[in-house]
Amino acid sequence: MDWFGGLKVLSLESRRSEEMATLIEKYGGKAVVAPSMREQKLDLTQSLAAFERDLRGGMIHALACMTGVGTRLFLRELVARDAALLELLKDVPLVARGSKPLAALKEFGLTGLNVPRPHTWQEVMEALSTRLERGQHAVILEYGEATPVAMLRELGYVGIRVTSVPVYRCAFPLDTAPLAQAVRDVVLGGPDVLLLSSGTQILHFLKYAEKMGLLEETRAALNRLILVSIGPACSEAAADLGLRIDLEANPHKMGILVRTAAEHAPGMIEERRLRKTG
């Protein structure tokens, strides 16, 4: 199989950018990796003080862990504040949005409930709403972006009190030159395939396009590409932005993301070409 067969493949991966480039090239693609974000830790002083007060008072009835990064950062600072708080946390139901926050919990000797696939905020919301009673209190460790308004609204409908804790925010990378070049390349019709390993990546890509005054041109150009998502949460984020996802990795892993794109994207591009030439 020729896999990508020389197609130009754009990825917005940041933390694992080198690994992503290697995978794309392994499957015969011309890799262009433009990091789209960096994780910016926030000051947790006030949030931790409120969490400690409620935890000691028995007023936290569930903790929802939305990402591995956020869970790890929060627990590290909680332990630094008072290691005894970790023991108290063992009596609180812990809900994990997938394997990464679950693994972070295990690093601290904690056990969590991994919500069913596709591991989106809807599954977390359902786990909280079915396990908590009206008037009880859930704390949500946010995942780079603010907790979805729809999630807060639905939990409010069933009478669950929610505190969202922003542990970190996703900011633009310090060096935005590759991101700016990627926006220009997309507008000019350079890449054939766009790989998305998180919903925040495409959000930041569009935000930066807007900053450059190229938002509408970028949106129009993205319709020409084959957009490949790592999983349902990422696909949902793209759909919320009005974008069409053509392929979705299953299982939801980076290697499968690249392989899925390499296997199917060339045929999809050819089909589109034939439809146009009619």
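Residues: numbered from 1 along the sequence shown.
Scanning all heavy atoms of the two residues, the minimum distance from Arg244 to Asn223 falls at NH2-O, 3.3 Å. Contact record, Val167 with Gly70: CG1-O, 3.6 Å, taken as the closest heavy-atom pair. Nearest heavy atom pair, residue Glu13 against residue Val33, reads O-CG1, 3.6 Å. Pairing each heavy atom of Ser11 with each of Met20, the nearest pair is OG-CG, 3.2 Å. Smallest separation of non-hydrogen atoms from Arg97 and Asn114: C-OD1, 4.3 Å. Considering all non-hydrogen atoms of both residues, Leu128 and Ile160 come closest at O-CD1, 3.6 Å.
Between His252 and Pro232, some side-chain heavy-atom pair lies under the 4.5 Å cut-off. Counting only heavy atoms from C-beta outward, the side chains of Leu206 and Leu222 approach each other to under 4.5 Å. Side-chain atoms of Lys8 and Asp185, non-hydrogen and from C-beta on, do get closer than 4.5 Å to each other. In this structure, the side chains of Phe51 and Thr163 stay at 4.5 Å or more apart for every pair of heavy atoms. Side-chain contact between Trp3 and Glu263 is present, with heavy atoms from C-beta onward closer than 4.5 Å. Between His264 and Asp246, every side-chain heavy-atom pair lies at or beyond the 4.5 Å cut-off. Under the 4.5 Å side-chain criterion, counting only non-hydrogen atoms from C-beta, Met66 is not in contact with Glu142. Looking only at side-chain heavy atoms (C-beta outward), Leu94 and Leu89 come within less than 4.5 Å of each other.
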Practice task
Begin from the C-alpha positions of Leu75 and Glu107 and carry the test side-chain contact (heavy atoms from CB on, under 4.5 Å) through to its verdict.
Solution key: CA-CA 10 Å; Leu75 292 178; Glu107 290 175 19; over 6 Å; no

Practice task
For the pair Lys207 and Glu210, evaluate salt bridge (Lys or Arg N to Asp or Glu O under 4.0 Å) and give the outcome as yes or no after the intermediate values.
Solution key: CA-CA 5 Å; Lys207 280 184 176 179; Glu210 183 176 27; over 6 Å; no

Practice task
Apply side-chain contact (heavy atoms from CB on, under 4.5 Å) to the pair Leu179 and His204, showing each step before the final yes or no.
Solution key: CA-CA 9 Å; Leu179 185 59; His204 276 222; 5.5 Å; no

Practice task
Evaluate the criterion side-chain hydrogen bond (donor to acceptor under 3.5 Å, both in side chains) for residue pair Ser36 and Gln201; output intermediate values, then yes/no.
Solution key: CA-CA 6 Å; Ser36 57; Gln201 290 175 1; 5.0 Å; no

Exercise for the section: Check step by step if side-chain contact (heavy atoms from CB on, under 4.5 Å) holds for Leu55 and Val139. Expected result: CA-CA 10 Å; Leu55 183 61; Val139 175; over 6 Å; no

Exercise for the section: Mind running side-chain contact (heavy atoms from CB on, under 4.5 Å) on Ser129 and Glu154 for me, showing each step along the way? Expected result: CA-CA 9 Å; Ser129 60; Glu154 292 298 322; over 6 Å; no

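Of the possible polar contacts, one joining the Arg272 side chain to the Leu225 backbone as a donor-acceptor pair under 3.5 Å is found. Although no hydrogens or angles enter the test, the distance criterion places no donor-acceptor pair under 3.5 Å between the side chain of His61 and the main chain of Ala138. A donor-acceptor distance shorter than 3.5 angstrom exists from the side chain of Arg38 to the backbone of Phe172, with no hydrogens or angles considered.
Criterion: ILVMFWY side-chain heavy atoms under 4.5 Å apart, direct or through other members. Under it, Leu63 and Ile140 are not part of a common hydrophobic cluster. Val92 and Leu88 fall within a single hydrophobic cluster, where Ile, Leu, Val, Met, Phe, Trp and Tyr are joined by side-chain heavy atoms under 4.5 Å apart, directly or via other members. By the criterion of side-chain heavy atoms lying less than 4.5 angstrom apart, applied directly or through intervening Ile, Leu, Val, Met, Phe, Trp or Tyr residues, Leu196 is not grouped with Val258; the two fall into different hydrophobic clusters. In terms of hydrophobic clustering, with Ile, Leu, Val, Met, Phe, Trp and Tyr side chains grouped at heavy-atom distances under 4.5 Å, Met37 and Phe205 are assigned to different clusters. Neither Leu113 nor Leu102 shares a network with the other; the hydrophobic side chains, linked directly or stepwise wherever heavy atoms of I, L, V, M, F, W or Y lie under 4.5 Å apart, form separate groups for each.
A 6.0 Å sphere centred on NZ of Lys106 holds no more than 12 heavy atoms belonging to other residues, nucleotides or ligands. Heavy-atom neighbours of Lys30 NZ from other residues, nucleotides or ligands within 6.0 Å: at or below the threshold of 12. Heavy atoms from other residues, nucleotides or ligands lying under 6.0 Å from CZ of Arg15 number 12 at most.
In this structure, CD1 on Ile256 lies 13.0 Å from CD on Glu248, to the nearest 0.5 angstrom. The OG atom of Ser17 sits 11.5 Å away from the CG atom of Leu12 when rounded to the nearest 0.5 Å. To the nearest 0.5 Å, atom CG of residue Leu141 and atom OG1 of residue Thr71 are 5.5 Å apart. Atoms CD and CZ, from Glu217 and Arg184 in turn, are 13.5 Å apart once rounded to the nearest 0.5 Å. Separating the OG1 atom in Thr147 from the CE atom in Met125 is a distance of 12.5 Å, to the nearest 0.5 Å.
In this structure, a donor-acceptor pair under 3.5 Å is absent between the side chains of Thr120 and Glu236.
Ion pair Arg273/Glu270 flagged as a salt bridge, since at least one NZ, NE, NH1 or NH2 atom sits closer than 4.0 Å to an Asp/Glu carboxylate oxygen. Salt-bridge formation is detected for the pair Asp82/Arg56: a Lys NZ or Arg NE/NH1/NH2 atom is positioned less than 4.0 Å from an Asp or Glu carboxylate oxygen. Glu123 and Arg117 are not joined by a salt bridge, as no carboxylate oxygen comes within less than 4.0 angstrom of a charged side-chain nitrogen.
Phe108 pairs by the ring-ring contact (aromatic ring centres under 6.0 Å, His included) definition with nothing, not counting sequence neighbours.
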